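Notes for the one structure printed next.
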Number of protein chains: 4
Amino acid sequence: MVRTETRAAYREAILDAATRVFGRLGFQDAKMADIAAEAGVAAGTVYNYFKNKEEVFRSILQRTHELVYQRILVHQQLEDPIERMRASTREAFAFLEEHGALFLLYVSIGGGFDWAQKRVEQALMVENTARYLALSHATLRDAAARGLIRSDVSVEQLAVFLSGLTDATIFTWVRTGCEPGLRDQADPLIDFFLNGARAP
Amino acid sequence: MVRTETRAAYREAILDAATRVFGRLGFQDAKMADIAAEAGVAAGTVYNYFKNKEEVFRSILQRTHELVYQRILVHQQLEDPIERMRASTREAFAFLEEHGALFLLYVSIGGGFDWAQKRVEQALMVENTARYLALSHATLRDAAARGLIRSDVSVEQLAVFLSGLTDATIFTWVRTGCEPGLRDQADPLIDFFLNGARAP
Amino acid sequence: MVRTETRAAYREAILDAATRVFGRLGFQDAKMADIAAEAGVAAGTVYNYFKNKEEVFRSILQRTHELVYQRILVHQQLEDPIERMRASTREAFAFLEEHGALFLLYVSIGGGFDWAQKRVEQALMVENTARYLALSHATLRDAAARGLIRSDVSVEQLAVFLSGLTDATIFTWVRTGCEPGLRDQADPLIDFFLNGARAP
Amino acid sequence: MVRTETRAAYREAILDAATRVFGRLGFQDAKMADIAAEAGVAAGTVYNYFKNKEEVFRSILQRTHELVYQRILVHQQLEDPIERMRASTREAFAFLEEHGALFLLYVSIGGGFDWAQKRVEQALMVENTARYLALSHATLRDAAARGLIRSDVSVEQLAVFLSGLTDATIFTWVRTGCEPGLRDQADPLIDFFLNGARAP
DNA sequence: AATGAATGAGCGTTCATTCAT
DNA sequence: TATGAATGAACGCTCATTCAT
């Protein structure tokens with residue numbers, strides 16, 4: 001039992017360290033030696049827990065997605081779909097404020113990573129993104145059924161827009177230095193999503 | 001004069017080649033040898049025109065931004081700010097449809113590239129982004145002044161939302177395989193920007 | 001006593017496992033982990049019995065040589081030196097048929113192993129080879145004394161030829177897939193050794 | 001042209017250096033850095049001429065085999081098959097005396113090299129060995145047809161014996177320090193091959 | 001100015017060996 | 001004494017960049 005706990009602790013420590021290092025340097029510039037040093041273990045030790053650098057990265061991604069997903073999932077029981085949207089967005093923003101570096105990591109997959117052959121990662125991304133989208137679709141469908149949002153635009157299209165607004169807000173937050181207060185932007189975001197820019 | 005033209009032609013040829021290669025492989029996986037081969041020149045020749053790999057990348061970015069900016073600039077003379085938005089978005093989408101690979105390149109900067117020290121690129125990105133934003137801000141300010149859009153949300157905030165909608169649309173387009181028709185999504189996008197998701 | 005027996009049993013089990021693994025992969029490609037796994041013990045355990053990988057190898061060699069030597073020794077009491085040769089060769093071939101892998105191991109020392117500094121192994125080889133040669137020399141000397149073989153060629157030279165014929169036969173046997181029947185080639189070999197290729 | 005010559009010269013220089021290093025240290029212990037240093041080039045340069053370490057090795061082997069084969073081939077026009085055997089053996093021994101290190105290299109393939117998966121090398125070996133054997137078979141068949149050697153043993157079997165005698169002689173020569181005089185052992189060897197050890 | 005080969009620093013990964021439990 | 005995880009030195013190979021021609 002102790003063994004198992006120790007192993008798990010090592011694994012987590014390495015993932016934590018890797019998250020910091022990847023967040024600081026990006027996938028390519030992060031060296032396995034950096035990660036090991038940050039975790040306070042020998043270089044070889046990392047390989048006792050992960051097959052290679054890519055798997056370290058993949059594991060962080062998976063762990064993070066799982067975490068965020070679970071936290072968002074909690075709010076899906078809210079009756080009002082609009083409230084569900086607000087709560088989900090707020091939760092996602094809160095998570096980012098707590099784990100700033102993670103986002104940098106998240107973003108870093110968007111591009112340089114595994115461009116061509118190694119679409120594997122992208123597949124993983126897509127799969128995870130799909131889970132979020134499924135929640136979003138369900139909520140929007142519910143809202144449409146209740147007449148709360150327009151039905152002349154598909155929920156898929158609306159979900160794209162909603163995620164766009166969310167991502168843009170996050171990007172801007174990161175660009176402006178991750179100042180506290182991101183989570184307060186959830187409600188204005190949803191308001192805009194609902195009402196648009198047209199003067200009332 | 002001929003000299004100058006020849007130099008310019010070489011330069012352009014290399015940038016064209018590099019754009020294709022970066023678009024295909026991403027910054028990290030693209031080798032200088034690949035670029036040289038694609039351009040039909042020797043590896044060393046690339047270094048007669050660009051200091052290093054990074055400068056090749058930077059130059060593509062700059063050239064592209066300039067191109068897009070000029071094409072968007074043309075529409076800024078439109079009287080109606082809403083029309084300006086529509087035209088600008090349409091123009092940006094049209095450009096992407098014509099130069100698909102460029103976007104991949106653009107995206108590739110989002111992440112792995114220049115993560116830490118090399119914030120230089122990001123500065124360049126920010127600068128260019130700022131130019132677009134300035135246009136966007138001006139248009140939105142104009143629209144607000146004419147009472148076409150709400151004034152209880154800052155134009156800066158609205159610009160963020162607008163760019164978010166645009167980016168999300170582009171992302172989705174790329175993810176679904178760059179099928180023709182992106183430019184047709186400009187109007188629905190602006191409509192949504194103006195009206196939001198609320199049932200009318 | 002039990003202790004000692006247990007230790008000996010462990011040692012033998014590890015050597016057996018190592019013989020299989022070395023035979024399968026060769027010295028370089030065989031990992032200590034492989035050997036430990038094959039023996040059903042932990043990696044560290046191997047080091048309780050052998051100083052290092054090299055000593056494991058050396059021990060196998062020694063054990064094998066001892067075994068073969070003892071089996072060959074039995075036949076040295078035969079009166080007729082020619083019969084002694086036949087019996088010895090037959091015995092060696094029989095051993096190889098029973099322990100195919102061992103030969104692979106034996107061969108694997110011929111080359112990559114211990115090339116430079118590590119001449120130690122070669123010394124051990126030479127020493128063991130010398131024991132076989134001593135038997136061979138004695139037999140040939142006996143045969144020469146009885147006028148059974150020519151005396152115008154030194155027994156040392158004849159022993160070299162005899163071992164060459166033996167090795168070549170073994171090599172060919174290995175190259176053709178270790179098919180059963182090697183031991184049947186002992187007599188034709190000795191016949192050739194005695195009579196040569198000249199048409200009678 | 002100069003280019004081609006220069007390239008060829010580099011290639012040869014690297015192969016020469018590699019032959020010395022492999023001969024000194026064996027395949028495994030020879031480092032690419034050693035080879036590069038011995039050749040007086042940078043480590044990376046070796047990779048401009050050979051895909052990897054294995055290919056360097058393979059190339060040496062091939063080059064050597066070709067050389068020896070050509071030298072032996074010259075003597076195949078001799079009328080008398082026995083003379084052909086003598087000349088071929090003498091030629092092979094002469095080559096070894098001139099290129100001592102090569103044999104060590106040759107031997108080093110016998111074992112540690114490419115044990116399991118990498119049977120490729122062995123295939124190459126077998127192929128080259130086959131060429132020598134073909135010559136040997138032809139000569140022996142010729143001798144048998146003329147009634148010079150016995151016909152109750154297959155030429156294939158006799159070729160195995162002949163190569164065994166040759167290899168054993170070489171081995172002994174190497175073991176005793178590569179003293180000059182190897183080529184003088186060709187005739188006694190053939191004599192033994194023909195007459196065997198039986199007292200006349 | 002173009003060429004294309006030489007350069008060599010740099011890094012992911014392996015695995016024999018050690019050591020705390 | 002067995003365990004099995006931690007260790008870290010070692011090395012093949014890549015590729016951006018330089019430079020002689």
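A, B, ... follow the sequence lines: proteins, then strands. Residue 1 opens every chain. Side chains included, hydrogens not; waters and symmetry mates left out as well; all remaining heavy atoms used. No experiment lies behind these values; they were computed from the predicted model shown.
For N48(A), the listed nucleotide lying nearest its side chain is dA5(F); candidates were dA1(E), dA5(F), dT17(F).
In this structure, E54(B) places its CD atom 18 Å from P of dC15(F), rounding to the nearest Å. Look at CD on Q28(A): it is 16 Å from P on dG10(E), rounded to the nearest Å. In this entry the distance linking NZ of K51(A) with P of dG12(E) reads 15 Å, nearest Å. The distance between atom CZ of F27(A) and atom P of dC11(E), rounded to the nearest whole Å, is 14 Å.
A salt bridge links R63(D) to D16(D): at least one charged side-chain nitrogen sits closer than 4.0 Å to a carboxylate oxygen.
Base pairing in DNA chain F yields stems of at least 3 consecutive Watson-Crick or G-U pairs, both distances under 3.5 Å, namely E:2-21 with F:2-21.
Here the OG1-NE2 distance, from T19(A) to H99(A), works out to 9.0 Å after rounding to the nearest 0.5 Å. Here the OH atom belonging to Y47(D) is positioned 11.0 Å from the CD1 atom belonging to I14(D), to the nearest 0.5 angstrom. Taken from CD in Q28(D) to NZ in K53(D), the straight-line distance is 5.5 Å, to the nearest 0.5 Å. Between T45(A) atom OG1 and I35(A) atom CD1 the span is 13.0 Å, to the nearest 0.5 Å.
Taking the six-membered ring where the residue is Trp, F27(C) and F57(C) present perpendicular rings, their angle passing 60° and hence far from 30°.
Heavy-atom nearest nucleotides on DNA chain E were determined for Y49(B) and for N52(A), and the one closer to the 5' end corresponds to Y49(B). Comparing A30(A) and Y10(B) against DNA chain E, the residue whose closest nucleotide sits nearer the 5' end is Y10(B).
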Could you list all N or O pairs between the protein and nucleotides 8-10 of chain F that sit under 3.5 Å apart?
unit_1: dG8(F); atom_1: N7; unit_2: G44(A); atom_2: N; d: 3.2

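Using a 4.0 Å cutoff on non-hydrogen atoms, no part of residues 33-40 of chain A comes near DNA chain E.
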